[in-house]
Amino acid sequence: MPDEHPLAQVQQPTFIHHFKAPPFWIKNPKMWFIQLESRFVTANITDDETKFHYVVGALDGDILTYVSDILEKPPVSNKYLKLKQVLAERLSESEEKKLKKLLRDLELGDKKPSYLLREMQQLAGDQLADDMLKNLWLQRLPVQVQAVLTTSTDSLSNLSKMADKVHEVSEISTVATVNTEKQCKCQTN
């Protein structure tokens with residue numbers, strides 16, 4: 001049996017995966033961490049220290065100030081989890097501020113009704129019962145959409161799908177009235 005060629009035993013080079021964290025979302029750190037952790041999974045990054053340093057690298061100077069105590073004296077273990085917890089605590093809106101925004105500030109605007117509902121659900125957390133949330137949501141929808149949905153006993157999820165359809169149809173069927181009367185300026189001699 002002939003000897004194998006010496007180059008055949010050389011190991012193939014290992015590929016280093018270049019990872020880049022998404023820009024930090026100061027308005028929603030929780031959702032940013034969900035996206036980041038999804039990227040960690042796809043990049044097969046599991047080491048706590050590595051995750052910690054990717055987060056630090058993704059933060060700008062203003063955000064780093066919020067966690068300077070953690071950065072200057074990081075915990076011995078669970079650095080990533082501690083940094084994640086502290087960022088969420090220090091940057092998330094208070095429950096009172098979320099409730100105020102939910103009750104006063106959110107409007108449909110040019111959003112889909114289902115998107116407005118998701119925003120409201122996120123702000124409400126588990127602070128409001130579904131019936132109360134449904135009423136608040138319906139109040140912010142156009143009258144023609146409210147008229148169709150108020151009698152339904154479907155779940156909020158199903159109602160939001162219906163609301164999107166009704167809203168889309170009502171937007172299409174809304175036609176601006178154009179004054180087609182011509183003004184005649186006749187000269188009389």
Side-chain angles (χ1 to χ4, degrees), residues 4-103 105-130 133-134 136-137 140 155-161 163-164:
E4 286 187 35
H5 191 276
L7 293 178
Q9 295 177 6
V10 175
Q11 291 184 352
Q12 294 297 319
T14 324
F15 292 99
I16 299 173
H17 181 48
H18 294 284
F19 181 85
K20 183 170 167 59
F24 187 73
W25 304 347
I26 193 166
K27 291 187 177 187
N28 199 337
K30 180 181 175 183
M31 293 308 294
W32 182 78
F33 275 105
I34 289 172
Q35 181 185 34
L36 178 68
E37 289 172 358
S38 178
R39 289 186 181 191
F40 283 156
V41 169
T42 59
N44 203 26
I45 297 171
T46 57
D47 182 64
D48 179 66
E49 183 92 12
T50 303
K51 290 178 178 183
F52 174 84
H53 288 291
Y54 275 125
V55 172
V56 172
L59 304 177
D60 68 26
D62 292 336
I63 304 302
L64 289 172
T65 303
Y66 283 96
V67 291
S68 61
D69 56 327
I70 303 298
L71 301 177
E72 290 170 2
K73 293 183 182 179
V76 176
S77 62
N78 296 320
K79 291 179 185 181
Y80 167 75
L81 291 176
K82 180 66 175 178
L83 183 57
K84 175 183 173 181
Q85 174 191 6
V86 170
L87 276 168
E89 285 172 3
R90 295 179 185 173
L91 294 175
S92 295
E93 293 179 319
S94 69
E95 292 303 316
E96 294 81 18
K97 193 171 183 177
K98 287 180 187 178
L99 191 57
K100 178 185 172 197
K101 187 174 182 180
L102 174 67
L103 295 174
D105 300 339
L106 283 184
E107 293 180 9
L108 181 61
D110 60 353
K111 300 177 246 183
K112 285 185 167 189
S114 60
Y115 183 82
L116 175 64
L117 178 60
R118 280 191 298 278
E119 277 185 307
M120 294 175 78
Q121 287 170 323
Q122 189 174 17
L123 287 171
D126 21 345
Q127 302 291 321
L128 290 178
D130 278 353
L133 189 60
K134 176 184 172 183
L136 287 171
W137 175 63
R140 288 173 171 85
S155 68
L156 270 175
S157 176
N158 288 341
L159 283 177
S160 72
K161 291 173 190 172
D164 285 349

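In what follows, residues are counted from 1 in the order of the sequence shown.
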Reported OG-to-NZ distance for the pair Ser68 and Lys73, which is rounded to 0.5 angstrom: 11.5 Å
Separation of Lys134 NZ from Ser160 OG (nearest 0.5 Å): 12.0 Å
Neighbour count above 12 (heavy atom, 6.0 Å) for Glu107 CD: no
Give the table of side-chain donor-acceptor pairs shorter than 3.5 Å for residues 28-35, with sequence neighbours excluded, one pair per line with atom names and distance.
{"unit_1": "Asn28", "atom_1": "OD1", "unit_2": "Met31", "atom_2": "N", "d": "3.2"}
{"unit_1": "Trp32", "atom_1": "NE1", "unit_2": "Pro22", "atom_2": "O", "d": "3.0"}
{"unit_1": "Trp32", "atom_1": "NE1", "unit_2": "Pro23", "atom_2": "O", "d": "3.0"}

Interatomic spacing from OG in Ser155 to NZ in Lys161 - rounded to 0.5 Å: 7.5 Å
Greater than 12 external heavy atoms within 6.0 Å of Lys111's NZ: yes
Tabulate below the donor-acceptor pairs under 3.5 Å that side-chain atoms of residues 57-67 make, not counting sequence neighbours, or state none.
{"unit_1": "Asp60", "atom_1": "OD1", "unit_2": "Asp62", "atom_2": "N", "d": "3.1"}
{"unit_1": "Asp60", "atom_1": "OD1", "unit_2": "Ile63", "atom_2": "N", "d": "3.0"}
{"unit_1": "Thr65", "atom_1": "OG1", "unit_2": "Gly61", "atom_2": "O", "d": "3.0"}

Nearest-0.5 Å distance, NE2 of residue His53 to CG of residue Asp47: 9.0 Å
Residue pair Lys51 / Ile45: nearest heavy atoms and the distance that separates them: CE-O, 3.4 Å
Validation row: Lys84, Leu36 side chains within 4.5 angstrom (heavy atoms): no
Note, Ile70 side chain near Leu87 side chain (heavy atom, < 4.5 Å): no
N/O donor-acceptor pair under 3.5 Å between Asp164 side chain and Lys112 backbone: no
Heavy-atom check, side chain of Trp137 versus side chain of Leu108, under 4.5 Å: no
Interatomic distance, Gln122 atom CD to Leu102 atom CG [nearest 0.5 angstrom]: 11.5 Å
Atom of Leu103, atom of Leu136 and distance for their closest heavy-atom approach: CD2-CD1, 3.7 Å
Check: Arg140 side chain, Leu117 main-chain N or O, donor-acceptor pair, under 3.5 Å: no
Asp110 atom CG, neighbour heavy-atom count above 12 within 6.0 Å: no
Atom pair CG (Leu128) and CE (Met120), whose distance is rounded to the nearest 0.5 Å: 8.5 Å
Donor-acceptor contact present, side-chain Asn78 to main-chain Leu81, <3.5 Å: no
Nearest heavy-atom neighbours spanning Asp48 and Ser77: OD2-C, 4.4 Å
